[in-house]
Number of protein chains: 2
Amino acid sequence: MLADERHQIIISKLKQQGTIKLTELIEELHVSEATLRRDLAQLEKMKLLKRVHGGAALLQRKGFELGIHEKVHQFLAEKQEIASMAASYINEGDCIYLDAGTTVSELIPYLKEKNVTVLTNGLMHFPSLAEYEIKTMIVGGQVKVSTNAIIGSTAVSFLSQYRFDKCFLGMNGIHSQLGLTTPDPEEALLKKTAMQLSSECYVLADSSKLNEATFAKVGDITDAVIITDSNNQSALEEIRKNSKIKVVTP
Amino acid sequence: MLADERHQIIISKLKQQGTIKLTELIEELHVSEATLRRDLAQLEKMKLLKRVHGGAALLQRKGFELGIHEKVHQFLAEKQEIASMAASYINEGDCIYLDAGTTVSELIPYLKEKNVTVLTNGLMHFPSLAEYEIKTMIVGGQVKVSTNAIIGSTAVSFLSQYRFDKCFLGMNGIHSQLGLTTPDPEEALLKKTAMQLSSECYVLADSSKLNEATFAKVGDITDAVIITDSNNQSALEEIRKNSKIKVVTP
DNA sequence: TCATATTCACTCAAAAACAATCATATTATT
DNA sequence: AATAATATGATTGTTTTTGAGTGAATATGA
């Protein structure tokens, strides 16, 4: 077995389970302990993992991938369905704004064939955008570490130099009376700005966000097309009355 | 069997399995080891695969993690020494600009205790900056996928809204007559802009860059303090004459 | 705290893979 | 057909990878 192959297996197993024992790897790959140790040492040097006593662990940097591990898998199926529907609204050559957030992330795989230009404030989207070779611009400004989003007044004024065919936003609260809300006022302002600059606005949110409200208001529910799933029928009916809402069916 | 035929088989098998062993190919194609080695060397040169010990692997240029890593390890010890010296020039509370590039990356661990504010155009720095919880701003603009750097006119005009105490730049060529150079004119322009906006400029480059020149000129060697290692004495003497150069000793 | 059991880092020798060279075979050109 | 250009295969010595053995370092449980 090639060393490179071993490395790939180690990394993929790590990503699956978060940590891995040396003994486990010995059994599975049928190579000596010394070799595996060398492999781990190399991979550590490449900053692909961190060695711990007895094996290795993912290095959870607060950069690109953090938080993802907990959040990303929640409602993953729903998020993918939602993203798939959202993608159907995109036309060839559109210029679109992608908000930070995990639901919006799921939209990226659909973008390649649409040949779009993307502006985003979500640093976590970048690896994926690069993978699909999508023409990308990044909003300049201050980085909010906890969400890997770029926010602040600089970001707002940067954003206002552009116009978009469509914007795709994540949202924490969608309420029939209280409108679209998100906890951080800075983020709210950026979302609001993006909406004003876009011909069409889409809010992507799983149904757990329906009939919820958080601190800072972004806009009214009529300001955007809301795309969500059907796992929260009671809330859906409430909101359906007076909004442009699209519901994906599983 | 035609050479071209072999090449196609190699590539298709690679795409199937991700990696391939040389011994495997020998058995399957019934040609000598030497020939296959030559084949792999050629295909590698055409960037259709990457040779690894024992065979070959697909080169995954996807996103971040790989591709860069080959470079990361070259001269790593030197880069760390250089970064360490560069760090000694930083004062508490400085506002600094960090250029994209692997050498500059090594500077980041030293920044935490200095309590600096960082503006950078290097997306690859972000995970590390986040890890050390450094106050960070990102330059807005177009992303150049191959280097994960933000460049272009937007980036330049974004940059010019700021002033820095120090800037730390990577550089591809440092030549006593031809000055500081880098292959991409867009990147050169951004570096140049950063230098004009900074009170003090530092160029971080291992000694393999000395007495080399590439396409686009950034400035003269007197425009910045050059920090390099001592592994290229002949080039050092040439440059030492008329520049502010600092040499780290291993 | 101590004793025990893992786990670790290091060295060394064997094996595998490597690059370089040269002789031979194949193909192209005149 | 003769020659040149290229591709191939065998041989060589060198480098890299590997696995086993050793003692030191670290965790675990009494």
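We name chains A, B, ... by the order of the sequence lines, and we start the count at 1 in each one. Small disclaimer: the values here were computed from a predicted structure and weren't measured.
Looking at A:Glu44 and A:Lys50, no side-chain N of the basic residue comes within less than 4.0 Å of a carboxylate O on the acidic one, giving no salt bridge.
B:Ser199 and B:Lys166 share no side-chain donor-acceptor pair at under 3.5 Å.
For A:Thr35, the side-chain atoms get nearest to D:dG19 when compared with the rest of D:dG19, D:dA10, C:dC8. Counting only heavy atoms from C-beta on, B:Leu22 has its side chain closest to C:dC18 among C:dA17, D:dT8, C:dC18. Picking from D:dT8, D:dA20, C:dA17 the nucleotide with the shortest atom distance to the side chain of B:Arg6 gives D:dT8. Of the candidate nucleotides D:dA20, C:dT7, C:dC18, C:dT7 has the atom nearest to the side chain of A:Arg37. The side chain of B:Val31 approaches D:dG9 more closely than any other nucleotide in the set C:dC18, D:dG9, D:dA20.
C:dA13 is paired with D:dT18 under the criterion used here, namely a Watson-Crick or G-U wobble arrangement in which both key atom distances are under 3.5 Å.
B:Arg38 contributes a side-chain N or O that forms a donor-acceptor pair with the base of D:dG9 under 3.5 Å.
Atom CG of B:Leu36 is separated from atom P of D:dT8 by 9 Å (rounded to the nearest Å). To the nearest angstrom, P of D:dT17 lies 16 Å from CD of A:Glu5. Put simply, CG on A:Asp4 is 11 Å from P on D:dT18, counting in whole angstrom units. Taking atom NE2 of residue B:His53 and atom P of nucleotide D:dT16, one finds them 9 Å apart after rounding to whole Å. A straight line from CG of B:Asp39 to C1' of C:dA17 spans 17 Å, rounded to a whole angstrom.
Considering only side-chain N and O atoms, B:Arg51 lies under 4.0 angstrom from the phosphate OP1 or OP2 of C:dA19.
Two residues are said to be in side-chain contact when any heavy atoms from C-beta on lie closer than 4.5 Å; B:Asn231 and B:Glu78 meet this criterion.
Atom NZ of A:Lys13 has more than 12 heavy atoms from other residues, nucleotides or ligands within 6.0 Å.
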